[in-house]
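Have a look at the structure below, then the notes.
If you read the sequence from its start, that first residue is 1, and numbering goes on from there.
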Amino acid sequence: MRQIKLGADKIYFGEDAVKALAELPAVRKRAYIVMSGTIQEELGQLKVVTDVLESAGFAWKSNTNVEPEPCWESVRQGVEEMREFEPDWVIGFGGGSAMDAAKAMWVFYENPQYKSLEEVMPPAPLELRKKARVCCITTSAGTGSECTRAALIKDPVQKRKYSVREYTGKLIPDVAILDPIFSVTMPRRGTVGCGMDALTHAIESYVTPLANPFSDAQAIGAWIYGYRALPICANEPDNLQARGDMLAASCLAGISFSNCALGICHGVAHTFGATYGIPHGLANAVVLPYSIDFNANHDSHASKRYEELATFVGKNDLKKTIIDLRRQLDVPATMKELVPDEGTFNTDFDTLVQKVLTDVATPANPVKITEEYASEMLRRVYYGE
């Protein structure tokens with residue numbers, strides 16, 4: 001038996017979706033808004049959000065201390081603020097970093113008995129929605145965190161990323177708001193990285209052994225809409241139709257992998273990201289064609305599924321399709337272009353292999369990843385074929 005949860009309880013999509021904030025049910029009417037840096041405030045986007053909240057009688061407090069890849073210390077500090085402010089809504093406003101940080105803060109706010117990321121790893125029981133609920137307003141089209149059951153938090157001391165998650169779907173936000181007006185200001189590089197992350201989610205969830213009719217439907221929709229919209233978003237940043245389609249694709253892909261899993265592309269991308277500070281979406285963009293090639297050469301079912309995805313967008317070779325798209329979007333072809341110190345890579349190599357093997361995404365890959373395969377993937381991604 002499988003349990004399926006198809007996203008947030010309510011998803012508001014399209015222009016003016018932000019106005020749905022006025023409908024959030026609350027008793028204390030206190031909203032704690034989590035952002036990654038001050039960019040939303042500087043662009044005037046925070047005021048758009050708070051104007052709607054204030055019109056509905058909400059008091060609010062903002063936190064702009066989250067890093068581009070949220071770290072444990074900023075999560076811990078946010079929890080301390082929340083305990084003092086006592087919000088009944090936690091709002092993640094921004095990209096995946098802000099939304100993941102908001103969800104992680106919520107977990108520790110609701111469960112004060114836990115003091116570290118290790119303690120909340122499954123199967124630790126999590127009590128949620130006793131104090132607050134969560135709304136995510138996404139400004140990027142990448143992680144799909146507004147509708148996923150996990151939050152990725154980095155421990156810079158251990159150089160490791162933890163996936164704070166709950167398998168029955170409790171961590172999926174109550175409300176998701178996808179308003180394209182918030183994504184038009186994203187720089188091209190960020191648009192590309194986030195978009196490639198969303199496409200990776202769609203592709204990996206479609207070939208995992210845990211794929212099912214529900215996750216397939218979301219993955220196919222995400223892939224078709226995302227593949228068509230991403231180049232337009234990169235080259236016509238004010239195109240609200242394309243921005244909206246890309247937000248939808250990202251959300252669908254997030255729902256898809258929440259109901260199955262990911263694979264070796266994410267396992268390798270997480271490893272390079274945590275070790276060398278490579279942005280997550282960019283890391284996935286570099287790794288993706290290598291993971292497609294690897295899985296297709298080792299598993300006939302995965303090869304067939306990749307072929308199906310290619311045909312959905314009028315192509316016949318998914319690996320080539322991704323390479324062509326990557327070239328069009330100016331994505332590097334190898335990780336060596338991003339980590340040029342070959343000596344450091346070789347010194348770190350054995351540690352990198354172990355990180356790939358123990359990454360949360362690796363076990364669901366269609367091909368079982370051995371130490372030999374992890375080593376092969378790392379070298380292919382770093383040096384190229």
Side-chain angles (χ1 to χ4, degrees), residues 5-21 23-24 31-36 40 45-46 48-49 52-53 66 69-70 89-107 128-129 132-153 163-166 169-184 186 190-191 193-195 197-202 205 215 218-219 221-222 225-226 229 233 243-259 262 280-281:
K5 191 173 192 308
L6 298 178
D9 291 341
K10 290 187 178 180
I11 300 174
Y12 296 93
F13 167 65
E15 294 182 59
D16 293 327
V18 66
K19 293 180 179 179
L21 287 172
E23 302 173 16
L24 296 181
Y32 186 77
I33 306 170
V34 181
M35 295 171 285
S36 180
Q40 265 66 55
Q45 295 179 349
L46 175 60
V48 173
V49 168
V52 177
L53 289 172
V66 174
E69 293 197 4
W89 278 95
V90 181
I91 299 177
F93 180 34
S97 298
M99 294 186 287
D100 279 4
K103 290 194 286 186
M105 291 175 190
W106 178 48
V107 166
L128 297 171
R129 297 178 176 85
R133 282 177 280 182
V134 172
C135 169
C136 282
I137 309 170
T138 180
T139 63
S140 66
T143 67
S145 188
E146 68 275 7
C147 279
T148 66
R149 65 183 182 189
L152 201 62
I153 306 298
S163 178
V164 180
R165 60 200 187 278
E166 204 284 330
K170 287 182 181 179
L171 207 61
I172 295 174
D174 300 272
V175 174
I177 293 178
L178 285 66
D179 194 323
I181 196 64
F182 292 129
S183 66
V184 297
M186 176 168 281
T191 295
C194 291
D197 189 23
L199 295 185
T200 302
H201 292 157
S205 61
S215 66
Q218 311 296 320
Y225 273 85
C233 292
R243 289 287 190 179
D245 286 350
M246 197 66 231
L247 286 172
S250 173
C251 186
L252 288 169
I255 295 171
S256 180
F257 81 76
S258 286
N259 285 292
L262 295 167
H280 177 65

Kindly indicate, with the supporting measurements, whether the criterion side-chain contact (heavy atoms from CB on, under 4.5 Å) is fulfilled by Gln45 and Thr139.
CA-CA 10 Å; Gln45 295 179 349; Thr139 63; 4.2 Å; yes
Verify side-chain contact (heavy atoms from CB on, under 4.5 Å) between Asn259 and Leu6, making sure each step is shown before the conclusion.
CA-CA 8 Å; Asn259 285 292; Leu6 298 178; 4.1 Å; yes
Give a yes-or-no answer on whether the side chains of Thr191 and Arg243 include a donor-acceptor pair shorter than 3.5 Å.
yes
Qualifying residues under side chain to side chain donor-acceptor pair (under 3.5 Å), relative to Tyr32, sequence neighbours excluded
Asn63, Glu81
Using side-chain heavy atoms (C-beta onward) and a distance below 4.5 Å, is Val90 in contact with Met105?
no
On a heavy-atom basis, the closest approach of Ala141 and Ala198 is O-CB, 4.1 Å
Distance, nearest 0.5 Å, that separates CD of Glu166 from CG of Leu128
7.0 Å
Just by modelled atom types, is the Val164 backbone N or O under 3.5 Å from a matching donor or acceptor in the Lys103 side chain?
no
Mind checking side chain to side chain contact (heavy atoms under 4.5 Å, CB included) for Ser140 and listing every partner two or more places apart, or none if nothing turns up?
Thr138, Met186, Cys194
List the steps, then state whether side-chain contact (heavy atoms from CB on, under 4.5 Å) holds for Ile181 with Val18.
CA-CA 9 Å; Ile181 196 64; Val18 66; 5.8 Å; no
Indicate the atoms forming the closest heavy-atom contact of Ala132 with Trp106, along with that distance.
O-NE1, 3.1 Å
For Ala253 and Ala202 the tightest heavy-atom approach is CB-N, 3.9 Å
Identify, with sequence neighbours excluded, every residue that meets side chain to side chain contact (heavy atoms under 4.5 Å, CB included) alongside Leu252.
Gln218, Ala222
Contacts of type side chain to side chain contact (heavy atoms under 4.5 Å, CB included), residue Pro70, not counting sequence neighbours
Val66, Ser97, Asp100, Ala101, Ile153
Quick check: do Val175 and Trp89 have side-chain heavy atoms less than 4.5 Å from each other?
yes
Heavy atoms of other groups near Lys5 NZ, more than 12 under 6.0 Å
yes
Smallest separation among heavy atoms of Tyr12 and Ala17, with atom names
O-CB, 3.6 Å
Nearest non-hydrogen partners of Ala8 and Ala176, listed with the distance:
CB-N, 3.9 Å
Please report the interatomic distance CG(Leu247) to OH(Tyr225), rounded to the nearest 0.5 Å.
13.5 Å
Interatomic distance, CG@Leu53 vs CG@Leu46, rounded to 0.5 Å, equals 9.0 Å
Within-4.5 Å side-chain heavy-atom neighbours: Cys147 and Cys251:
yes
Is there a side-chain contact between Asp9 and Ile172, using heavy atoms and a 4.5 Å cut-off?
no
Kindly give the heavy-atom pair with the smallest separation between Pro173 and Thr148, and that separation in Å.
CD-O, 3.7 Å
Roughly how far, to the nearest 0.5 Å, is the SG atom of Cys136 from the CD1 atom of Ile11?
11.5 Å
Verify, without hydrogens or angle tests, whether Ser215 (side chain) and Ser256 (backbone) share a donor-acceptor contact under 3.5 angstrom.
no
For Phe93, all residues meeting ring pair (Phe, Tyr, Trp, His ring centres under 6.0 Å), sequence neighbours excluded:
Phe182
NE2-OG distance between His201 and Ser258, expressed to the nearest 0.5 angstrom
9.0 Å
Looking at Thr143 and Ser145, would you say the former's side chain and the latter's main chain have a donor-acceptor pair under 3.5 Å?
yes
Nearest 0.5 Å please: distance from the CD1 atom of Ile91 over to the CG atom of Leu21.
5.5 Å
Is it the case that the side chain of Ser250 and the backbone of Gly144 share a donor-acceptor pair, with hydrogens and angles ignored and the cut-off at 3.5 Å?
yes
Answer whether the closest heavy-atom distance between the side chains of Met246 and Ser183 falls below 4.5 Å.
no
Do any pairs count as a side chain to side chain donor-acceptor pair (under 3.5 Å) and have a residue in residues 169-181, sequence neighbours left out, and if so which ones?
Arg129-Asp174
